[in-house]
Amino acid sequence: MPRELPIGLTPPDWLVRNLRAQPAPVNWPAVVRAAVAMALPLAIGLAVDRPFYGALASMGALNGVISDTAAAYRVRIPTIAIPQLSGAVGVTVGALVYGHGWVAVAAVTGVALVSGMISTIGAVASAAGLVLLLTCVVGAGLPMPGEWWLAPLLMSGGGLLVLVLALLAWPLRSGVPERAAVANTYRAVAELLAAGGSGSTPAYDDARHAVTQSLNQSYDIILAHRARHHGRSPELTRLLAQLNAITPVVEAAPAAHLSGTPLPPDIPAAVRHLASAVETGRPGPTGLKLPTPTTETARAVDHALRHAAEVVTSPDVDPRGVDDRLGRPAALGIRAARALRDVTLSAASWRYGLRLALCIGIAQALVSLIPVPRSYWVALTITFVLKPDFGSVFSRALLRALGTVAGLVIAAAVLAEVPRGWWDVPVLFLLAPLIPALTPRGYGYQTAAITPVILLLSDVLNREGTALLLPRLVDSLMGCAIALVAGYLLWPESWHTRVGDRLAGAVEDTARYVEGAFGPHAVDPPARARMRRRLYRDLSAIRTEFQRALTEPPPTGRRAAAWWPLVVAVERIVDATTAARVLVKYGATRPSAGEVSQVALQLRELATGVREAETLYEVRTDLTGPADSVLEPLRQEVAAARAIASPHGEG
């Protein structure tokens with residue numbers, strides 16, 4: 001029988017959450033690409049007696065492996081290529097200021113400011129900003145070989161090799177990742193329908209969150225392509241139509257859940273059957289056998305599901321009849337100008353840019369004043385750790401330190417036992433696949449995988465062997481300490497800046513959604529669908545931010561735990577609004593204007609309280625109305641949200 005730890009030795013919840021590995025399947029194609037893309041340049045460098053060149057190209061391939069996260073082939077091009085271009089700029093700037101003392105400090109700090117600001121634009125820009133700063137730090141910390149253009153050419157070439165390998169199967173598998181994404185959305189909806197009415201509210205909430213994430217991913221992939229292929233790609237048009245067709249099913253799910261009666265198993269099974277048809281891309285009769293609906297809710301689900309089946313099985317889709325429910329993306333030039341304007345004028349982008357620049361500036365100044373072996377590792381560590389869009393800064397600093405120690409154990413064995421030279425190639429071939437295999441498990445696991453790879457390549461460059469290990473550990477711990485103190489503990493960023501204001505904005509948007517669904521100036525169905533999708537997308541981002549905050553020590557983690565029920569309550573308010581709208585569509589009596597305005601007023605008061613309060617406090621509401629109104633469940637959810645109180649002593 002296992003012995004339990006004494007109460008005093010039980011690790012705190014925030015530490016357990018940090019160390020817990022995330023379940024994730026292994027992406028075997030990415031594993032193979034990492035092995036080939038990182039070992040091949042080193043092998044070529046050794047073959048031509050230029051191992052330094054091969055190591056630089058392999059470092060560039062490492063940047064490509066880290067950026068190789070997209071499934072759809074068209075999306076892989078920008079997600080891998082754009083960071084490589086920014087990396088070429090970074091290493092060029094770094095090499096030009098190498099050995100120039102305080103000029104180098106100022107230049108790297110300026111690059112850190114730009115890197116931090118552009119990282120707020122989006123996922124691709126964030127990866128580009130990361131690689132820009134990483135390569136600049138390397139260029140400013142290591143002497144580069146040959147002419148000024150050789151190092152950026154080698155590193156970019158290594159990264160683009162990952163892209164070439166990723167696109168090899170495109171002619172054979174074109175459209176497969178896109179179909180798989182839409183099919184997975186259908187499967188997520190099937191799980192949502194299966195969880196509805198089962199009495200397990202947490203299971204339904206988790207299933208709804210999974211649907212939101214899957215819809216976000218699918219729409220991002222499809223709509224990004226529609227910006228270039230609108231009206232010219234039958235495949236993308238069909239997939240967009242299929243995504244739009246599942247939306248009414250998603251809207252009917254809250255009504256089915258609130259009815260308290262589980263749906264017949266045939267209904268989730270039918271959605272799974274449609275998912276298989278979407279994934280194979282073969283239109284045709286599906287032979288769905290659905291039970292006869294007997295209630296308003298059942299009719300809503302039946303009608304939505306039959307419409308989805310009709311769209312999935314249709315051999316042809318008229319592009320003119322397919323609307324972009326989230327709005328088709330603007331032209332690339334317009335989006336670039338909009339992003340530049342937002343970055344320049346956004347307080348959040350300046351705040352993060354200055355925060356990153358401060359930490360990098362401290363690191364560069366420190367290593368300029370104090371002799372530190374391999375000093376560029378300090379700034380590299382800060383660059384990886386101080387990425388709030390990648391997770392909690394505190395958690396990443398902790399996991400970086402732990403992952404570095406674990407990686408150094410592997411690196412010590414490699415550097416001590418493996419002869420330098422051609423033996424490095426098979427060792428790198430075995431170590432590189434660990435990066436894409438372990439990255440989804442968590443940041444600590446990724447660090448443990450990257451550390452021996454970086455040290456092996458560094459040893460090819462400077463031949464220091466095991467002498468690299470202790471400086472690597474010291475530099476990483478210094479970088480983590482600077483990021484924790486200057487980028488986390490001392491930074492004037494309040495809880496409300498991160499979470500409270502965003503949650504309050506979502507509550508205000510929910511009030512507008514209620515008015516748009518039932519008010520005197522109700523919006524049309526496509527506009528309502530866009531409002532609902534934006535709401536769920538914003539709430540998904542807020543949920544992610546809360547989950548990051550839960551991994552931080554008190555008081556932040558304690559505040560997150562206290563506020564978490566309110567996040568769930570707002571999600572249920574949106575669900576109840578959607579359910580009421582579906583019931584009205586299928587025969588229920590429309591609520592009065594007074595009912596609608598009363599609910600909207602309560603939501604706006606809730607938003608004001610969330611924005612102004614440091615501590616949640618209970619508010620009793622006076623929400624009344626006909627007991628048989630479709631808004632009665634919504635009133636109950638609003639009252640529950642306003643009645644949420646924080647634990648005693650929270651502050």
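In this text, all values refer to a predicted model and were calculated from it rather than measured experimentally.
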| Sub-3.5 Å donor-acceptor pair from the side chain of Arg528 to the main-chain atoms of Gly516, do we have one? | no
| message | Whether the Thr79 and Ser67 side chains hold a donor-acceptor pair (N or O, under 3.5 Å, no angle test) is what I'd like checked. | response | no
| task | Output yes when Arg537 and Asp220 qualify as a salt bridge under the 4.0 Å nitrogen-oxygen rule, no when they do not. | result | yes
| task | Quick one: do Ser214 and Glu191 satisfy side chain to side chain contact (heavy atoms under 4.5 Å, CB included)? Show the steps, please. | result | CA-CA 12 Å; Ser214 186; Glu191 297 304 317; over 6 Å; no
| query | Quick one: does Leu239's side chain get under 4.5 Å of Gln242's, heavy atoms only? | reply | yes
| field | Check: Glu632/Gln636 side-chain N/O donor and acceptor closer than 3.5 Å | value | yes
| query | With no hydrogens and no angle check, do the side chains of Ser276 and Tyr186 hold a donor and an acceptor under 3.5 Å apart? | reply | no
| request: Run the numbers on Phe518 and Arg581 for side chain to side chain contact (heavy atoms under 4.5 Å, CB included), then give the verdict. | output: CA-CA 8 Å; Phe518 302 108; Arg581 181 64 213 180; 4.0 Å; yes
| task | Among Asp538, Thr247, Asn216, find the residue that satisfies the side chain to side chain donor-acceptor pair (under 3.5 Å) test when tested with Arg533. | result | Asn216
| query | Does Ala277 offer a backbone N or O that forms a donor-acceptor pair with the side chain of Thr280 under 3.5 Å? | reply | yes
| request: May I ask you to decide whether Arg187 forms a salt bridge with Glu279, counting only side-chain N to carboxylate O separations under 4.0 Å? | output: yes
| Between CG on residue Asp68 and CG on residue Asn27, distance to nearest 0.5 Å | 7.5 Å
| From CA spacing to verdict: side chain to side chain contact (heavy atoms under 4.5 Å, CB included), Ser629, Arg635 | CA-CA 10 Å; Ser629 170; Arg635 282 194 290 265; 3.7 Å; yes
| said: Please report the interatomic distance CG(Leu274) to CD1(Ile246), rounded to the nearest 0.5 Å. | reply: 7.0 Å
| Flag for Asp302-Tyr586: side-chain donor and acceptor within less than 3.5 Å | no
